[in-house]
Number of protein chains: 2
Amino acid sequence: MAKNDHSYDILKLDNQVCFPLYACSKELVRQYTPYLKELNLTYTQYIVMMVLWERETVSSRELAECLHLDYGTLTPVLKRLDQAGYLTRERAENDERQLTLTLTETGRELKDKAKAIPEAIAKCMGLTMEEFGVLYTLTYKALKNMEEKQ
Amino acid sequence: MAKNDHSYDILKLDNQVCFPLYACSKELVRQYTPYLKELNLTYTQYIVMMVLWERETVSSRELAECLHLDYGTLTPVLKRLDQAGYLTRERAENDERQLTLTLTETGRELKDKAKAIPEAIAKCMGLTMEEFGVLYTLTYKALKNMEEKQ
DNA sequence: GCTAATACAATTGTGCGCAAGTAAATTGTG
DNA sequence: CACAATTTACTTGCGCACAATTGTATTAGC
């Protein structure tokens, strides 16, 4: 193969968009960790709590959908949050299949402690307000396009 | 608490930049999966192979650094790639601590099969060339800023 | 040259993350 | 009504991902 064969350049790590996205996502979770440790939460548990802080109660199915998580992941996460006393898990009255999650008082108290986190993380990332907006738009656009494919 | 208290809005899932980034990253890995399955690779194994396809040989330490992975993750991944016959693991001559990874012929053969993947994934994401460029720049910028914090 | 400090890698433990398979409740169809 | 299809959730198995700990080789300080 000739030295100036560039047909494999698309396989170079530096030419991938997916890699920095993947690495950035992991690094973000790592940055959250020390803050969340004070709340006794992991990142995944945190995003579950965010939904509950906003809605007080939600079905397991809706949660799985809006967080893009499947039950294999969600079930043990919800059990741990239940065990920690941050939420309750009950079957829906009208449909025994459905699981209804409800925020507890202990869970609600975390909300105040969590208030400072988003700004701290934003500072870590060091992007301008405009850049944050662009990043938000592009990731949501890609996400939407990809979920349409399946 | 008054209904028009917006001080918690920063905790709404829809107002987070981190969440779509996290969800998008996971969705991306999911999109790769069927393509990589044909090469008998996971996404993490794939990015290891990308480095080897470009460099033929690399030390474990360099790999960990450029992929932003620690040894707890990397060690078992490398063992599996070794077992699959895609690379060899040898101690460096001059320093018994260091692990040197070398691409095998079998590993090199995968490169051709992998060639079509980046374009297929790009199509899934459905962004324009310009948008890909912006996404690349912003994620690398955030990544660089965050790793400076630690 | 001996010991302390450092660097590199492996191991252990915990928690995602998802595919595949299973089970139970509900809904749809004849 | 009976029974097939669907929905919802759980379980199992495997592979990351990382913090914390341990082990070994090299280098630095004296």
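Residue numbers begin at 1 in each chain, while the letters A, B, ... track the order of the sequences. Fair warning: this is a prediction, and the values are worked out from it, not measured in the lab.
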Among the nucleotides dG15(D), dT11(C), dC8(C), whichever has the atom closest to the side chain of Arg61(B) is dC8(C)
Can you check the Leu78(A) CG to dG17(C) P distance for me, whole Å? 13 Å
Can you measure Leu36(B) atom CG to dC16(D) atom P for me and round it to whole angstrom units? 11 Å
Do Asp95(A) and Arg97(A) meet the salt-bridge criterion of a basic N to acidic O distance under 4.0 Å? yes
Of the listed nucleotides (dG15(D), dC10(D), dC18(C)), which one gets closest to any side-chain atom of Arg89(A)? dC10(D)
Can you tell me if Thr42(B) touches the phosphate of dC16(D), counting only side-chain N or O atoms and a distance under 4.0 Å to OP1 or OP2? yes
Ignoring the backbone of Leu99(B), work out which of dT8(D), dC16(D), dA9(C) is nearest its side chain. dA9(C)
Name the pairing partner of dG30(C), where a pair is Watson-Crick or G-U wobble with both distances under 3.5 Å, or state none. dC1(D)
What pair of heavy atoms forms the shortest contact from Gly107(A) to Trp53(A), and how long is it? O-NE1, 3.0 Å
Would you mind checking if Asp82(B) and Lys79(B) are paired as a salt bridge, meaning a charged N to carboxylate O distance below 4.0 Å? no
According to a strict under-4.0 Å criterion, is Arg80(A) in side-chain N/O contact with OP1 or OP2 of dT14(C)? no
Going through the distances and angles, do Leu69(A) and Lys26(B) end up as a side-chain contact (heavy atoms from CB on, under 4.5 Å)? CA-CA 10 Å; Leu69(A) 290 171; Lys26(B) 282 191 309 169; 3.0 Å; yes
Compare side-chain N and O positions of Thr75(A) against OP1 and OP2 of dC10(D) and report whether any pair is under 4.0 Å apart. yes
Between dC10(D) atom C1' and Asp82(A) atom CG, what is the distance in whole Å? 15 Å
Indicate, with a heavy-atom threshold strictly under 4.0 Å, whether Ser60(B) touches base, sugar-phosphate, or nothing. sugar-phosphate
Between Thr44(B) and Lys37(A), name the one whose nearest nucleotide on DNA chain D is closer to the 5' end. Thr44(B)
When you get a sec, tell me which of dT26(C), dA19(D), dT8(D) is the closest nucleotide to the side chain of Glu96(A)? dT26(C)
Atom OH of Tyr43(A) to atom P of dA19(D): distance rounded to whole Å? 17 Å
Specify the separation, in whole Å, of atom NZ of Lys26(B) and atom C1' of dC18(C). 10 Å
What pair of heavy atoms forms the shortest contact from Cys24(A) to Thr139(B), and how long is it? SG-O, 3.8 Å
For the side chain of Arg97(B) and the base of dT24(D), is some donor closer than 3.5 Å to an acceptor across the two? no
With distance as the sole test, does Gln16(A) use its side chain to make a donor-acceptor pair with the main-chain N or O of Lys12(A) at under 3.5 Å? yes
So if I take every side-chain heavy atom of Tyr22(B) and compare against dA17(D), dG17(C), dA25(D), which nucleotide ends up nearest? dG17(C)
From CG of Asp95(B) across to P of dA7(C) the rounded distance in Å is 12 Å
If you find the nucleotide of DNA chain D closest to Thr33(A) and the one closest to Glu62(A), which residue's nucleotide is nearer the 5' end? Glu62(A)
Is Lys79(B) close enough to dC16(D) that one of its side-chain N or O atoms is under 4.0 Å from OP1 or OP2 there? no
Would you please confirm or rule out a distance under 4.0 Å between OP1 or OP2 of dC10(D) and any side-chain N or O of Arg91(A)? yes
For DNA chain C, whose closest nucleotide is more 5', that of Asp70(A) or that of Asn94(A)? Asp70(A)
Hey, does Val29(A) reach any base, or is it just sugar-phosphate, or nothing, if we go heavy atoms under 4.0 Å? nothing
Round to the nearest Å and state the distance from Gln45(A) atom CD to dG17(C) atom P. 10 Å
May I have the distance from Gln31(A) (atom CD) to dA17(D) (atom P), rounded to whole angstrom? 17 Å
Answer with base, sugar-phosphate or nothing: what part of the nucleic acid does Leu69(B) contact at a heavy-atom distance below 4.0 Å? sugar-phosphate
May I ask you to evaluate whether Arg30(A) reaches the phosphate of dA17(D), defined as a side-chain N or O under 4.0 Å from OP1 or OP2? no
Under 4.0 Å between a side-chain N or O of Tyr71(B) and OP1 or OP2 of dT21(D)? no
Thinking salt bridges, do Arg61(B) and Glu65(B) make one under a 4.0 Å N-O criterion? yes
